[in-house]
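Below, chains carry the letters A, B, ... as their sequence lines are ordered, and counting in each starts from 1.
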Amino acid sequence: MDYRAAFQISASGMALEKTRLDVTSMNLANVHSTQGADGKLFRPMRVVAQEATAAFGATFETLSGTTLKGVRIASIEEVGAAPRSVYEPGHPQADDKGFVAYPAVDQVSEMVNVMTAVRAYEANVVAMNAAKAMSVKALEIGGQS
Amino acid sequence: MTPIETSTVGAVALALDAALLRHQAIAANIANVNTAGYQPVRVSFEEHLGAQAPRLERVEGEAKVELDVEVAHLSANTVHYQALLRGLNKQFSILGTAINEGKR
C-alpha cells in the first residue's frame with residue numbers, strides 16, 4: 001500500500017485551513033474598507049470545503065491511496081449580510097444623508113474562524129507527524145533491532 | 001508458504017495494511033473537520049478477526065467528526081502499527097538466529 005497517500009491527505013487539510021485563514025485575514029483587514037478592488041463595497045468571504053471524491057465499499061486492494069484524497073476547496077463565496085451603515089457626514093464616501101456603508105465583517109465570528117482554522121491545521125500536522133513516524137518505523141523492517 | 005514467508009508474516013502484513021488504511025481514514029476525517037455535511041469514515045478489520053481484507057466504511061446517520069476522538073484514534077493506531085512492526089522484526093530476528101547460529 002502506498003504510504004504517501006496519508007501525507008497527501010493531511011497536506012490537503014493543511015492547505016484548506018491555510019486558505020481559510022487567508023480569507024479570514026482578508027475579511028479582518030478590510031473591516032474598515034469602504035471600497036473593494038472593483039470600486040464597489042468589499043464583501044466578506046467564506047471558504048466552502050468539500051470532501052475530495054472517494055469510492056467506498058471497495059476492499060483495500062482497490063483502495064490504493066488514490067481513493068481517499070482528503071479535502072478540497074469547493075468555492076470561496078461572499079457572505080450575504082447587509083452592509084453596516086455608519087453616520088459619518090464628513091466622509092468622502094458618504095451618501096446624501098451622511099451615511100457610509102462599511103463591509104458586514106463580523107469580528108467575533110472571524111476570530112472564531114481564526115481559532116478553528118489554527119486548531120484544525122494543528123490536528124492535520126499531528127496526523128502528518130504520525131504518518132511520518134509510521135513510515136520511518138516501516139523502513140526499519142528487518143533491520144537490527 | 002516458504003520458511004521465510006510464514007503465516008505470521010502474512011497476518012502481520014495484512015494487519016499493517018489495515019493500520020495504514022485506518023491512518024488514511026483518520027487523516028481524511030481530520031482534513032474534513034470543517035466540511036459541512038461530511039460523514040466520517042472508519043476501517044473495519046479486527047471485527048472479522050483478520051479473516052477479511054480491511055474495508056473502508058462510511059459512518060451512517062448524524063455522525064460528525066470529533067477532533068479529539070480522531071486524534072486519540074490516531075495515537076492508538078500509530079502505537080498499534082509500531083507494535084506490529086516490532087513483532088515482525090522479532091520474527092525476522094528469530095529467522096536470523098536460525099540462519100546464523102547453525103554455522104558456528
Open item on the list: With heavy-atom distances below 4.5 Å as the criterion, would you say the side chains of Thr6(B) and Gln91(B) are in contact?
Closed with: yes
Task: Portion of Ile30(B) that has a non-hydrogen atom of chain A nearer than 4.5 angstrom - done: both
TODO: Among the options Leu16(B), Leu85(B), Asn32(B), pick out the one with the most heavy-atom pairs lying under 4.5 Å from chain A.
DONE: Asn32(B)
Open item on the list: I need the residue from Leu67(B), Leu84(B), Leu74(B) with the largest number of non-hydrogen atom pairs under 4.5 Å to chain A.
Closed with: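 That would be Leu74(B).
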Task: The single option from His80(B), Glu46(B), His73(B) passing side chain to side chain donor-acceptor pair (under 3.5 Å) against Arg22(B) - done: Glu46(B)
- [ ] Tell me yes or no: between the side chains of Gln39(B) and Arg58(B), is some donor less than 3.5 Å from an acceptor?
- [x]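 The criterion, which ignores hydrogens and geometry beyond distance, is not satisfied for Arg58(B) and Gln39(B).
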TODO: Would you check if there is a donor-acceptor pair between the side chains of Glu88(A) and Tyr102(A) at a distance under 3.5 Å?
DONE: yes
Open item on the list: If you count heavy-atom pairs within less than 4.5 Å of chain B, which of Ser135(A), Ser12(A), Ala131(A) leads?
Closed with: Ala131(A)
